Amino acid sequence: MKKDQVIEKLKSINYPGFSRDIVSFGMVKDAEVVDDRVVVTLNISSQNQEKKEEVISNVKKVLAQSFSTVEVALSNDTPPSQNSSKTPEPILEGVKNIIAIASGKGGVGKSTVAVNLACALAKKGMKVGLLDLDIYGPSLPIVLNLHEQPQMTEDKKLIPLEKFGMKVMSFGFISGNDTPVIWRGPLVSRMTEQFFRDVEWGELDIMILDLPPGTGDIQLTLTQKLKITGAVIVTTPQDMALADVRKGADMFRKVNTPVLGVVENMSGLMISGSIPETKSVSKINLNGKEIDVDSSGKFSMILDLFKKGGGQKESDRLNVPLLGKIPILEDIMLSSDRGNPIAIEGEKSSAGKLYFEIAERLLKQINDLDN
Ligand code: ADP
């Protein structure tokens with residue numbers, strides 16, 4: 001077995017508590033192979049002895065299958081200042097998974113998906129963080145009806161605001177209504193980094209990142225700064241046909257971030273109504289289609305405004321799952337405007353249920369990544 005094959009094998013070892021491997025974290029400095037013996041040099045800057053030992057034991061375990069002697073050396077020769085740029089120490093040690101919600105362009109409902117997904121995960125009992133990085137159009141102050149300024153700890157760390165059991169942070173909490181539209185890449189990326197480094201996120205099961213729309217440099221920098229578990233791309237059915245999803249998928253692949261799936265938003269218009277129970281009708285004709293009427297007289301249908309099945313076709317082509325389809329629903333829009341995302345109502349509302357199903361499928365995808 002050669003050095004690059006050893007490195008390849010080490011990619012199966014995740015840094016404890018992360019779904020990212022030790023090679024991509026830059027923790028593997030060298031692997032020297034002499035006949036049946038291998039010496040792996042690790043550079044782990046974390047002070048956590050337990051985690052270090054776990055990594056060493058996993059390296060030994062994985063390589064023992066191919067070598068009779070496996071030695072692990074720890075190198076401390078890199079000064080911490082250089083270390084931080086070359087070997088990205090996990091900056092969010094306490095956060096188990098980071099999921100980026102992205103879209104090719106604005107207005108497709110990316111933020112609405114991000115916030116409802118976060119709410120659904122929180123309602124499922126997970127410790128959730130929601131970070132709105134949409135610097136040019138921060139949505140959290142409105143959709144969560146939050147207008148306080150975050151407080152600082154004594155060591156100058158921002159304390160995230162709390163709402164619906166989630167820890168939340170947004171450029172909008174800091175900049176208020178004065179959206180800094182003239183901010184350029186370097187400043188945005190510095191600010192963004194601060195939102196990871198200088199915010200007391202604490203222990204989280206999952207952090208949802210609401211990325212700015214598009215797949216430009218800012219998004220690329222963000223995804224490189226932070227090791228993201230995976231991305232979800234939000235799009236509308238008509239954009240599916242465009243290069244939108246593909247561009248997003250390409251961008252994440254460039255930085256070795258898996259695309260965990262696509263959410264098709266605004267997939268048709270939900271029409272619903274009811275007829276008096278006394279009529280005891282089991283079907284009605286609506287827009288040329290036979291629709292079932294339930295025992296309480298209620299009926300609903302999805303009117304396809306655009307092409308149908310685009311989401312599924314496009315996800316198949318990209319080989320990523322379609323995590324869900326959300327129709328245009330007045331309830332979704334009104335509840336966001338009121339500062340109470342619909343998913344807070346739980347699965348009892350039909351719109352809320354859609355986000356719970358997406359959350360469930362997303363968790364399955366994350367789980368599959370880990371195994
Ligand atoms: P983006 O983040 O992609 O710019 P937003 O999430 O801010 O888009 O959504 C844009 C507008 O569309 C908001 O007013 C939002 O309430 C509304 N919206 C999003 N998804 C839906 C939906 N499925 N049904 C109805 N309105 C929606």
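Counting convention: from 1, in listed order, for ligands and their atoms alike. Given the structure is predicted, the values throughout are model-derived calculations rather than measurements.
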Taking distance alone, with N or O pairs closer than 3.5 Å, would you say [X] contacts ligand 1?
X	answer
Ile332	no
Gly109	yes
Lys110	yes
Ser111	yes
Gly106	no
Ile328	no

Presence of salt bridge, [Y] and [X], under 4.0 angstrom:
X	Y	value
Lys96	Glu203	no
Asp210	Lys110	yes
Glu357	Lys353	yes
Glu93	Lys51	yes
Asp292	Lys283	yes

[X] heavy atoms, cut-off 4.0 Å: which ligand 1 atoms fall inside?
X	answer
Thr112	5 (P), 6 (O), 9 (O), 15 (C), 19 (C)
Pro327	22 (C), 23 (N), 24 (N)
Met266	12 (O), 18 (N), 19 (C), 20 (N)
Ile326	23 (N)

Looking at [atom], what's its closest protein heavy atom, distance included?
atom	value
atom 24 (N) of ligand 1	Leu329 N, 3.0 Å
atom 26 (N) of ligand 1	Met333 CB, 3.5 Å
atom 4 (O) of ligand 1	Gly107 N, 2.8 Å

Worksheet item: How about atom 19 (C) of ligand 1: does it have a protein heavy atom within less than 4.0 Å?
Response: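 True for atom 19 (C) of ligand 1.
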Worksheet item: From atom 15 (C) of ligand 1, is the closest protein heavy-atom distance below 4.0 Å?
Response: yes
Treating [X] as the side-chain partner and [Y] as the backbone partner, does any N or O pair qualify as donor plus acceptor under 3.5 Å?
X	Y	result
Asp132	Ser139	yes
Asp205	Met126	no
Asn265	Val108	yes
Lys123	Ile344	yes

Item to complete: Answer yes or no: does atom CD of Glu32 have more than 12 heavy-atom neighbours from other residues, nucleotides or ligands under 6.0 Å?
Response: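 Open.
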Discussion item. With a sphere of 6.0 Å drawn around CD of Glu347, does it hold more than 12 non-hydrogen atoms of other residues, nucleotides or ligands?
Written reply: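 Result for CD/Glu347: enclosed.
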Practice prompt. Using non-hydrogen atoms of the residue, decide whether Ala114 is closer than 4.0 angstrom to ligand 1.
Written response: no
Practice prompt. Answer with yes or no whether Pro213 contacts ligand 1, where contact means a heavy atom under 4.0 Å from a ligand atom.
Written response: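 Contact check Pro213 vs ligand 1: negative.
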Worksheet item: What part of Asn265 sits under 4.0 Å from ligand 1 if we count only heavy atoms: the side chain, the backbone, both or neither?
Response: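 Within the 4.0 Å criterion, Asn265 contacts ligand 1 through side-chain atoms alone.
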